[in-house]
Amino acid sequence: MTTTAPSQTQKQSPGRQGPPTRAWWKEASIYQIYPASFVDSNGDGLGDIRGVISKLDYLHSLGVDAVWLCPIYESPQKDMGYDIANYRAIHAPYGTLEDVEELTGALHARGMKMVMDLVVNHSSDQHAWFRESRSSKGNPKHDWYIWRAPRFVDGKRLPPNNWASCFGGSAWAYEEARGEYYLALFCPEQPDLNWENPDVVREVHDIMTFWLEKGVDGFRMDVINMISKTPGFPDAAVSLPGREWQPAFEHHSYGPRLNEFLKGLREVLDRYDAFAVGEMPCVNQDSQVAAVVAAERKELNMIFQFDIVDMDIGDDGKFSPRKWDANTLKNIVNRWQTFMYDVDGWNALFLENHDQARSVSRFTKHRPEHRTLAAKMLATFIGTQAGTLYIYQGQELGMTSLPETWSMDQFKDIESLNLHAEAVERFKDNKEAMEIFMRDLRKKARDNARSPMQWNGEKNAGFSVAKPWMRVNDNYPEINAQQQHGEGGSVLSYWRKLLQARKDYRDSLVYGNFELVQDGHEAVICFKRGGGYCADAWVVVNFTDSEQSWRPPAELRAMIASGKQVLGNYDDDVVLEGDVLQLRPFESRVLIAQGAV
Ligand code: GLC
């Protein structure tokens with residue numbers, strides 16, 4: 001148990017005087033669907049679009065305002081649809097264009113919005129453009145992708161530089177027909193498009209227009225920060241000594257023409273009042289983020305910034321550990337929350353998605369009896385910050401990562417499989433290093449998020465009548481939507497209340513500014529949403545499974561005495577003992593002034 005000195009809030013955002021301008025995409029809570037694992041309507045073991053349509057009432061009653069569908073386009077599925085072979089056609093096992101139109105119409109009929117994934121850093125190698133591009137040096141699409149001559153060292157043919165692929169190995173693949181390498185920052189079946197070619201840029205604009213004309217309300221733009229690369233393709237600095245291929249983010253995470261390209265995309269969006277959230281790994285310098293999201297820049301509306309989901313990644317690659325605590329998290333949150341107010345940008349709030357492990361397993365150390373409390377604490381923590389809130393399917397149930405007992409043959413993801421194979425080779429004489437790697441892979445593998453949605457306690461968790469494409473998490477009898485639906489104390493009910501609270505107290509919880517209580521406490525996170533133009537709301541969460549004795553600032557003590565509770569994961573009222581709050585495991589409270597709206 002820890003008791004801390006009286007704490008102070010510090011005003012961090014002097015730049016802005018009034019509230020941010022309002023917009024539908026700022027107020028929306030967006031539910032992310034991974035189509036393969038959501039609902040299988042036709043009994044082939046794979047989720048599909050008609051399955052999504054069948055669950056719209058569920059989503060509406062959850063209180064989300066929009067759905068973001070991960071890629072559903074025609075694809076050989078080397079990377080679960082992030083390898084697109086035709087941007088205007090649907091992957092047949094998912095359904096048809098008519099199904100997508102019906103889904104869009106059904107969302108709109110419920111007052112909800114439709115967001116699609118736009119994957120245009122790369123296509124599939126099966127796209128007609130690439131088939132043509134790779135066929136010869138003289139073909140009309142010869143420079144739609146990034147081609148370079150080999151290097152020869154001691155007569156040996158080598159890729160043009162030392163860049164590593166994000167999925168392991170070199171970022172270059174060789175094509176006999178041209179005698180050249182092409183760049184593929186992910187897997188070789190995902191060749192990078194050449195944005196230096198104006199025809200490629202025009203084509204991307206046309207693809208966006210095609211979908212916007214169909215009524216789509218916005219895009220999540222996949223690794224959109226990588227579309228511009230350092231001219232000349234110089235070697236990357238060596239950050240992983242002894243390895244042949246080096247991460248090259250300094251050359252492809254924020255290239256010289258990125259801002260220009262983003263402005264072009266924004267012009268298309270603005271014709272339709274549509275919005276874009278850009279996925280931007282490895283972008284965290286103030287000036288770079290501000291240049292993309294500051295409203296006056298007219299580039300992206302917001303970005304997925306990776307500081308939280310990268311905070312437990314060590315120096316030796318994704319599956320190496322790093323220690324963190326509540327203060328690490330507080331520093332990250334405080335930085336971006338206040339920053340967006342100062343630059344007139346906007347945050348995209350997320351703890352989970354299809355590339356991240358389940359948050360309750362990854363970010364809380366809990367005993368099974370505390371799982372529900374821990375999941376509600378995380379919901380409170382992320383869902384009361386300023387920004388657009390993203391909820392990944394199953395997060396609203398507190399779904400967990402895969403069981404520790406599963407062997408590697410249950411893992412499906414190309415990233416996990418490639419990096420695992422690399423590690424087996426690299427650590428063949430180092431058992432301890434391999435064990436550390438495996439522990440971390442289990443903690444962070446993308447597979448953790450991709451097991452089928454747990455709808456009920458029946459066969460295959462109600463996801464499919466057939467054998468699912470990926471095994472269902474063993475805990476579906478205890479964690480499923482049906483069982484949580486009518487239960488007031490469930491994680492699902494809590495998310496419903498949280499999403500409703502963001503609507504009821506929109507001025508404070510969506511638009512209010514952010515002031516962190518900076519007391520250095522290693523377990524308790526507390527912040528105020530307010531700013532003088534709306535009622536103050538206070539959020540306090542205990543991030544640990546142990547009891548914490550914590551002294552709130554005077555202003556919060558007054559609020560506890562006079563305010564009302566908007567949300568809490570314990571049934572009783574919040575009570576001060578003298579000046580101190582005794583916070584139980586994962587205890588979370590949101591308070592607001594009486595009479596506030
Ligand atoms: C993004 C996607 C991820 C995909 C990668 C390559 O990070 O979210 O799933 O593998 O881009 O498209």
Side-chain angles (χ1 to χ4, degrees), residues 30 32-38 47 68-85 87 91 115-127 130 145-146 163-169 171 173 182-193 195 204 207 219-227 229 247-249 252-254 276-284 300 302-310 313 317-319 348 350-358 390 392-393 411-420 444-451 470:
I30 302 182
Q32 183 192 351
I33 291 183
Y34 199 62
S37 295
F38 194 58
W68 148 30
L69 271 192
C70 282
I72 49 170
Y73 314 94
E74 192 178 305
S75 160
Q77 304 287 327
K78 287 280 171 201
D79 183 22
M80 293 302 294
Y82 283 92
D83 47 324
I84 296 171
Y87 290 88
H91 182 53
V115 180
M116 302 272 282
D117 224 303
L118 187 75
V119 188
V120 287
N121 173 67
H122 45 266
S123 73
S124 160
D125 66 342
Q126 297 307 308
H127 198 293
F130 189 72
Y145 294 84
I146 299 171
W163 293 9
S165 142
C166 301
F167 290 163
Y182 62 90
L183 183 70
L185 291 176
F186 293 88
C187 69
E189 294 85 355
Q190 290 168 299
D192 279 50
L193 282 157
W195 280 66
V204 169
I207 290 165
F219 295 101
R220 176 268 187 185
M221 297 184 170
D222 189 66
V223 289
I224 199 67
N225 57 315
M226 298 194 186
I227 57 181
K229 281 93 177 169
F249 287 96
H252 58 64
S253 74
Y254 205 101
V277 51
E279 185 203 25
M280 293 218 168
C282 295
V283 175
N284 71 0
L300 297 181
M302 60 186 122
I303 64 168
F304 289 125
Q305 204 283 330
F306 276 59
D307 280 3
I308 291 183
V309 292
D310 283 352
I313 294 183
K318 174 164 179 178
F319 298 135
F350 74 104
L351 288 178
E352 288 187 26
N353 62 38
H354 65 294
D355 294 333
Q356 306 296 335
R358 292 293 183 178
Y390 291 80
Y392 179 65
Q393 66 182 46
F411 287 65
K412 304 270 185 207
D413 176 29
I414 184 167
E415 180 189 61
S416 313
L417 300 176
N418 285 3
L419 297 186
H420 179 256
K444 298 180 202 152
R446 309 196 300 183
D447 305 76
N448 286 306
R450 298 180 178 187
S451 66
M470 181 179 177

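Both ligands and their constituent atoms are indexed starting at 1 by order of listing. Start at 1 with the first residue, then count along the sequence. As the structure is a prediction and not an experimental result, all values here were calculated from the model.
Aromatic ring centres of His122 and Tyr82: separated by at least 6.0 Å. Taking the six-membered ring for Trp, Tyr145 and Tyr182 have ring centres at least 6.0 Å apart. Between Phe304 and Trp68, the distance separating the two ring centers is shorter than 6.0 angstrom.
Contact annotation for Arg220 and ligand 1: only side-chain heavy atoms (C-beta onward) come within less than 4.0 Å of the ligand. When non-hydrogen atoms are compared, ligand 1 lies under 4.0 Å from the side chain of Phe167 (C-beta onward) but not from its backbone.
Ligand 1 has no atom lying under 4.0 Å from any heavy atom of Glu415. Ligand 1 lies nowhere less than 4.0 angstrom from a heavy atom belonging to Gln356. Under a 4.0 angstrom heavy-atom cut-off, Met280 registers as lying outside contact with ligand 1. Using a 4.0 Å cutoff on heavy atoms, Met80 does not count as a contact of ligand 1.
Under the 4.0 Å criterion applied to side-chain N and carboxylate O atoms, Asp355 and Lys318 are not assigned as salt-bridge partners. A salt bridge is defined here as a Lys NZ or Arg NE, NH1 or NH2 lying under 4.0 Å from an Asp or Glu carboxylate O, and Asp447 with Lys412 fails to meet this definition.
Pairing each heavy atom of Gln393 with each of Ser37, the nearest pair is NE2-O, 3.4 Å.
Of the protein's heavy atoms, Asp79 OD2, 2.5 Å lies nearest to atom 10 (O) of ligand 1. From the protein, the heavy atom lying nearest to atom 1 (C) of ligand 1 is Asp222 OD1, 2.7 Å. For atom 7 (O) of ligand 1, the nearest non-hydrogen atom of the protein is Glu279 OE2, 2.8 Å. Nearest protein neighbour of atom 9 (O) of ligand 1, counting heavy atoms only, is Asp355 OD1, 2.7 Å.
Contact atoms of ligand 1 toward His122: 6 (C), 12 (O) (distance under 4.0 Å to a heavy atom of the residue). Close contacts of ligand 1 with Arg450, meaning ligand atoms under 4.0 Å from a residue heavy atom, involve 9 (O). For ligand 1 and Arg446, the ligand atoms under 4.0 Å from any heavy atom of the residue are 3 (C), 4 (C), 9 (O), 10 (O).
Judged by distance alone, the side chains of Asp79 and Gln190 do bring a donor and an acceptor atom under 3.5 Å apart.
Taking CG of Asp117 as the start and CD1 of Ile84 as the end, the distance is 7.5 Å to the nearest 0.5 Å.
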- Task: Determine, step by step, whether Lys78 and Asp83 satisfy the salt bridge (charged side-chain N to carboxylate O under 4.0 Å, His left out) criterion, reporting the C-alpha distance in whole Å, the side-chain angles of both residues, the deciding distance to 0.1 Å, and the verdict.
- Result: CA-CA 7 Å; Lys78 287 280 171 201; Asp83 47 324; over 6 Å; no
